[in-house]
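These notes concern the structure reproduced below.
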Amino acid sequence: MTAIRMDGRALAAKLRAEVADDVRAFGEPVCLATILVGDDPASHVYVGKKHEASHEAGIESRDHRLPGDTSESDVLDLVAQLNADEEVDGILVQLPLPDHMDEPMVLRAVDPAKDVDGFHPLNAGRLFLGEPLHVPATPLGIMALLAEYDVELEGRRAVVIGRSEIVGKPVAMLLLAKHATVTICHSRTRDLAEHTRAADVLVAAAGRPGLVTPDMVKSGAAVVDVGVNRTKSGLVGDVDPAVAEVAGLLSPVPGGVGPMTIAMLLRNTLSAARYRRLGVALPGS
Ligand code: NAP
C-alpha cells in the first residue's frame, strides 16, 4: 500500500483564503499581537511567518520583539497593556521564553478571551470540559486534516504519542470529543509499538526523528506526523517515511501539520475578535 499524502499546504491555503473572506465580511479591523523574547532563530522565523500570514488574511498585526535579558515584569507589563488595548483581539506569546522567566505565569497573565494559542488554564479547562473557546492551533490543524480526508473517528482507536499541553493532551481531548477511543503514550509507555499497532488513527508528537517505523503501524491507518526535528539531513518528522508503505494516509513533514497550525491561528484570531465584540465564537475554535 502507498499512503495517500495528507496535503496540509493545500488545505491551509484554502482555509487561509476562507479566513480572509471572513475577515472582510467581519468589516472591522482584526488585530493579532505577538511577543517574542530573545534571539532563538527558529522562533524569529515562526513569528515572521505568523505576521506574513496575518497580513495576507487582512489581519493587522503588532510585532513585539524584546531582547533576551528583558525582565519578567517588563513582559508582564506588556501583556497587561495588550490585554487592556481595545484594538488587540489576539495575544500570542512565542515559546520558549528565556530560562529566567516563569513561562506558565506569563501565559496565565494573558486575557483568556485574547488567548489565541489556547494555552491559558481557563481555555485548557474549557476544552477538558467539552466547552472549548480557544483551542491550541496545532491540534485544531490535525483535526482539520483528518476531517478533510474523511477519516472516521467515532468508535475508532486513536493513539497519540506525546502528552504536552501544546499538542498531545489537547489533540487527545479533541479526538475524544469526536468519540474515538483514545490512548495517550509518552516516554514512560512500555512497549509503544503494542499500542501504536492497534491504532486506526496515529498522531505522533514526540519530537523524536523517525520514532514511528513501519512495523509499528497498522495497515491502512491514518498517520499524522506532528514532529519537527532539525537533523543533519534537514527537517524530518517523528514518522519514518517508509511508513507510507503501510499506512492508508500520511501527513508529510514538511507540508503537513506545520502549515495547518498557522491557518488555525488566523482562524482563532478572527474567532477571538468575534467572541470579544459580538459574544460569539467560530464553531470548533
Ligand atoms: P514536548 O513538549 O517535548 O513533548 C514531547 C512528548 O513526547 C512528551 O510527552 C514526551 O513524553 C513524549 N516522548 C518523547 N520521547 C518519546 C518516546 N521515545 N516515546 C514516546 N513518547 C515520547 O514536545 P511538543 O511541544 O508536544 O512537540 C512535539 C513535536 O511536535 C516536536 O517535534 C515539535 O517541534 C513538533 N511541533 C510541531 C508543530 C507544528 O506546527 N508542526 C507545533 C508544535 C510542535 P514525557 O511527557 O514522558 O516526557
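Side chains included, hydrogens not; waters and symmetry mates left out as well; all remaining heavy atoms used. Ligands are counted one by one from 1 in listed order, and the atoms in each one are counted from 1 as well.
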Write none if no such pair exists; otherwise list each N/O atom of ligand 1 with its protein N/O partner under 3.5 Å and the distance.
{"unit_1": "ligand 1", "atom_1": "9 (O)", "unit_2": "Arg163", "atom_2": "N", "d": "2.8"}
{"unit_1": "ligand 1", "atom_1": "11 (O)", "unit_2": "Ser187", "atom_2": "N", "d": "3.1"}
{"unit_1": "ligand 1", "atom_1": "15 (N)", "unit_2": "Arg208", "atom_2": "NE", "d": "3.3"}
{"unit_1": "ligand 1", "atom_1": "21 (N)", "unit_2": "His186", "atom_2": "O", "d": "3.4"}
{"unit_1": "ligand 1", "atom_1": "21 (N)", "unit_2": "Ser187", "atom_2": "N", "d": "3.3"}
{"unit_1": "ligand 1", "atom_1": "26 (O)", "unit_2": "Ser164", "atom_2": "OG", "d": "2.5"}
{"unit_1": "ligand 1", "atom_1": "30 (O)", "unit_2": "Val226", "atom_2": "O", "d": "3.4"}
{"unit_1": "ligand 1", "atom_1": "32 (O)", "unit_2": "Val228", "atom_2": "N", "d": "3.0"}
{"unit_1": "ligand 1", "atom_1": "32 (O)", "unit_2": "Val228", "atom_2": "O", "d": "3.4"}
{"unit_1": "ligand 1", "atom_1": "34 (O)", "unit_2": "Val228", "atom_2": "O", "d": "3.4"}
{"unit_1": "ligand 1", "atom_1": "40 (O)", "unit_2": "Thr261", "atom_2": "OG1", "d": "2.8"}
{"unit_1": "ligand 1", "atom_1": "46 (O)", "unit_2": "Arg163", "atom_2": "NE", "d": "2.7"}
{"unit_1": "ligand 1", "atom_1": "47 (O)", "unit_2": "Arg163", "atom_2": "NE", "d": "3.4"}
{"unit_1": "ligand 1", "atom_1": "47 (O)", "unit_2": "Arg163", "atom_2": "NH2", "d": "2.8"}
{"unit_1": "ligand 1", "atom_1": "47 (O)", "unit_2": "Ser187", "atom_2": "N", "d": "3.2"}
{"unit_1": "ligand 1", "atom_1": "47 (O)", "unit_2": "Ser187", "atom_2": "OG", "d": "2.5"}

Note to self: Name the residue from Asp238, Val257, Val160 that meets the side chain to side chain contact (heavy atoms under 4.5 Å, CB included) definition with Val224.
What the structure shows: Val257
Next item on the list: Identify which one of Gln94, His51, Arg62, Lys50 satisfies the side-chain hydrogen bond (donor to acceptor under 3.5 Å, both in side chains) criterion when paired with Thr34.
Entry: His51
Notebook entry, point to check: Under 6.0 Å from the CD atom of Glu87, do we count more than 12 heavy atoms belonging to anything else shown?
Noted result: no
Check: Near Leu235 CG, under 6.0 Å, is it more than 12 heavy atoms from other residues, nucleotides or ligands?
Finding: yes
Margin query: Would you say that more than 12 heavy atoms from the other residues, nucleotides or ligands in this model lie under 6.0 Å from the CG of Asp77, or not?
Written below: yes
Item checked: Results of salt bridge (Lys or Arg N to Asp or Glu O under 4.0 Å) for Asp89 - residues two or more places apart only -> Arg276, Arg277
